There are 2 protein chains.
Amino acid sequence: MFDSIISSIKGFGNFTEEDISLFTSKLQVINLAKNNFLLEEGQVCQSLYFLYEGSVRIYMIDNESDEHTHELLTANDWIIDYESFTSQKPSGYFIQAFHESKILELNVYSLHELIKASASFFRLGKVLGHEFPDYPYKNSLLSPRERYASLLASKPMVIQTFPMKYIASYLGMRPETLSRIRSGIRI
Amino acid sequence: MFDSIISSIKGFGNFTEEDISLFTSKLQVINLAKNNFLLEEGQVCQSLYFLYEGSVRIYMIDNESDEHTHELLTANDWIIDYESFTSQKPSGYFIQAFHESKILELNVYSLHELIKASASFFRLGKVLGHEFPDYPYKNSLLSPRERYASLLASKPMVIQTFPMKYIASYLGMRPETLSRIRSGIRI
DNA sequence: CATATTTATTGATTTGGATCAAGTGCTCAT
DNA sequence: ATGAGCACTTGATCCAAATCAATAAATATG
């Protein structure tokens, strides 16, 4: 159950066996049914989450009621609204299960306790912040075609897991454009 | 001399008179001549800076040797490569004086001493990170016209201080496009 | 199972901004 | 002061992606 989250945190620093068992003792298990929300707009993100199994989408809704997909997450990804979590201000995002998902939760109080108990946990929240640069694909200086190629190379699971309309939104293009890119139409 | 930086940090938390004088005792004064660099690509950002007087540009150079302006800073702005500062890894940016500038410097060691001395300083580095979202205008979902309007509304000094070619680069558009937007050409 | 709705594909057209190009006016260095 | 290069503007053209439109395929719902 905890194997995958343990290997994930080991990437963030050196942890003793005691650190690890303290860590796992703080975790809560969440079963999130398809389409249910882990966080809704206006709520404060109080926890770090680890997606053990399933798939999760983070999106916002703009003034014209259009959805913009911010993150598409699959097994072994961390889930957080880093901005809301660190500032403890209301989130602008919805975090929703796309498939039925099993999620491990570490709340902010537990994280503080871990940090008090072992300096190794200090970098955890910080490192996770760096794992989530805003709009990694959308913002970039890359063309739509290059953004898709980059996603395909770095996160093939995302493409296998989510519908094309969400992937298009995540990549900052229209579904028609993504469809044409995938069909290999010449420039 | 220190008035403006003192009012700036007061916005980040409650500081006692002792906090403030300890803080100012740690500051170094830098006079940076026009076109000189505060930081060059490959160097690690070791300090927080406060632009007391003058103007500073942060930019990167891409693989095609094209410059991309990342930040345009005027009096009373903080200056930092947050990513390099927190990770202590080499910066990808150049930080250069556009006009002759007076800058106050607080290095990372002094910041750590301040944090040890008073918990109020703990949020300083963190808050500054939030002051610098990556590419606030470039990334956005806004059109070039809207990005310019947004800059004009929120940072008119930037438009008065820097040449249009840098503003265009900062806003992620070509100088010709910015010129046309400013001339009020209909869509 | 049947039908309604959503998702994906494909085609035609439009369009915003880039690119290419030329001319004007500054600035800075000699 | 003078000339060489920048910076900015303006015009013409091009192009990638958006938009509009229609259909097919997949999925959900009664």
Side-chain angles (χ1 to χ4, degrees), chain A residues 33-36 54-55 57 59 61-69 72 96-100 135 137-152 158-187, chain B residues 33-36 54-55 57 59 61-69 72 96-100 135 137-152 158-187:
Chain A
K34 185 177 169 62
N35 295 327
N36 279 17
S55 64
R57 183 169 72 106
Y59 65 93
I61 297 180
D62 71 15
N63 298 331
E64 281 77 39
S65 304
D66 291 325
E67 283 185 9
H68 298 273
T69 294
L72 293 172
Q96 187 181 31
F98 178 64
H99 294 109
E100 183 174 12
Y135 289 72
Y137 297 99
K138 208 169 286 190
N139 296 341
S140 76
L141 308 162
L142 303 175
S143 69
R145 185 176 301 276
E146 291 168 321
R147 297 203 294 278
Y148 176 72
S150 164
L151 181 66
L152 186 60
V158 165
I159 292 170
Q160 290 164 39
T161 304
F162 294 94
M164 288 301 131
K165 62 168 188 166
Y166 292 151
I167 294 170
S169 172
Y170 177 54
L171 293 172
M173 67 184 75
R174 309 260 71 207
E176 294 94 323
T177 300
L178 178 57
S179 174
R180 283 184 246 265
I181 286 172
R182 284 165 55 84
S183 80
I185 276 181
R186 55 236 141 269
I187 305 176
Chain B
K34 184 175 170 64
N35 295 328
N36 279 16
S55 63
R57 183 169 73 107
Y59 64 95
I61 297 180
D62 70 16
N63 298 331
E64 282 78 37
S65 304
D66 292 325
E67 283 184 12
H68 298 273
T69 295
L72 293 171
Q96 187 182 29
F98 179 64
H99 293 108
E100 184 175 10
Y135 290 71
Y137 297 100
K138 208 168 286 190
N139 296 342
S140 75
L141 308 163
L142 303 175
S143 69
R145 185 176 301 277
E146 291 168 321
R147 296 203 294 277
Y148 176 72
S150 165
L151 182 65
L152 186 60
V158 165
I159 292 169
Q160 290 162 40
T161 304
F162 293 93
M164 287 303 131
K165 63 168 186 166
Y166 292 153
I167 294 170
S169 172
Y170 177 53
L171 293 173
M173 67 184 76
R174 309 261 73 207
E176 296 94 321
T177 300
L178 179 58
S179 174
R180 283 184 247 264
I181 286 171
R182 283 166 55 85
S183 80
I185 276 182
R186 55 235 140 271
I187 304 177

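All values below come from the heavy atoms of this structure, side chains included, with hydrogens, waters and symmetry mates left out. A quick note: this is a predicted structure, and the numbers were derived from the prediction, not measured. So you know, we letter chains A, B, ... as the sequences are listed, proteins then strands, and number each from 1.
- Between A:Pro175 and A:Met164, the closest side-chain pair of non-hydrogen atoms is not below 4.5 Å.
- A:Glu176 has its CD atom 14 Å from the P atom of D:dA22, to the nearest Å.
- In this structure, A:Glu64 places its CD atom 16 Å from C1' of D:dT19, rounding to the nearest Å.
- Between A:Leu171 atom CG and C:dA8 atom P the separation is 13 Å, expressed in whole Å.
- Between the C1' atom of C:dT10 and the CD1 atom of A:Ile181 lies a distance of 15 Å, rounded to the nearest Å.
- One can find a donor-acceptor pair under 3.5 Å joining the base of C:dG11 and the side-chain atoms of A:Arg180.
- At a cut-off of 3.5 angstrom, counting only N and O atoms as typed in the model, there is no donor on one side facing an acceptor on the other between the side-chain of A:Arg182 and the base of C:dT10.
- Rounded to whole Å, the distance from CG on A:Leu178 to P on D:dA17 is 12 Å.
- Considering only side-chain atoms of B:Ser143, the nucleotide from D:dT9, C:dG17, D:dT19 that sits closest is C:dG17.
- For B:Arg174 against D:dT10, no side-chain N or O and base N or O form a donor-acceptor pair under 3.5 Å.
- Comparing C:dA8, D:dC8, D:dA17 against the side chain of B:Met164 picks out D:dC8 as the nearest.
- In terms of phosphate contacts, B:Thr177 brings a side-chain nitrogen or oxygen within less than 4.0 Å of OP1 or OP2 of C:dA18.
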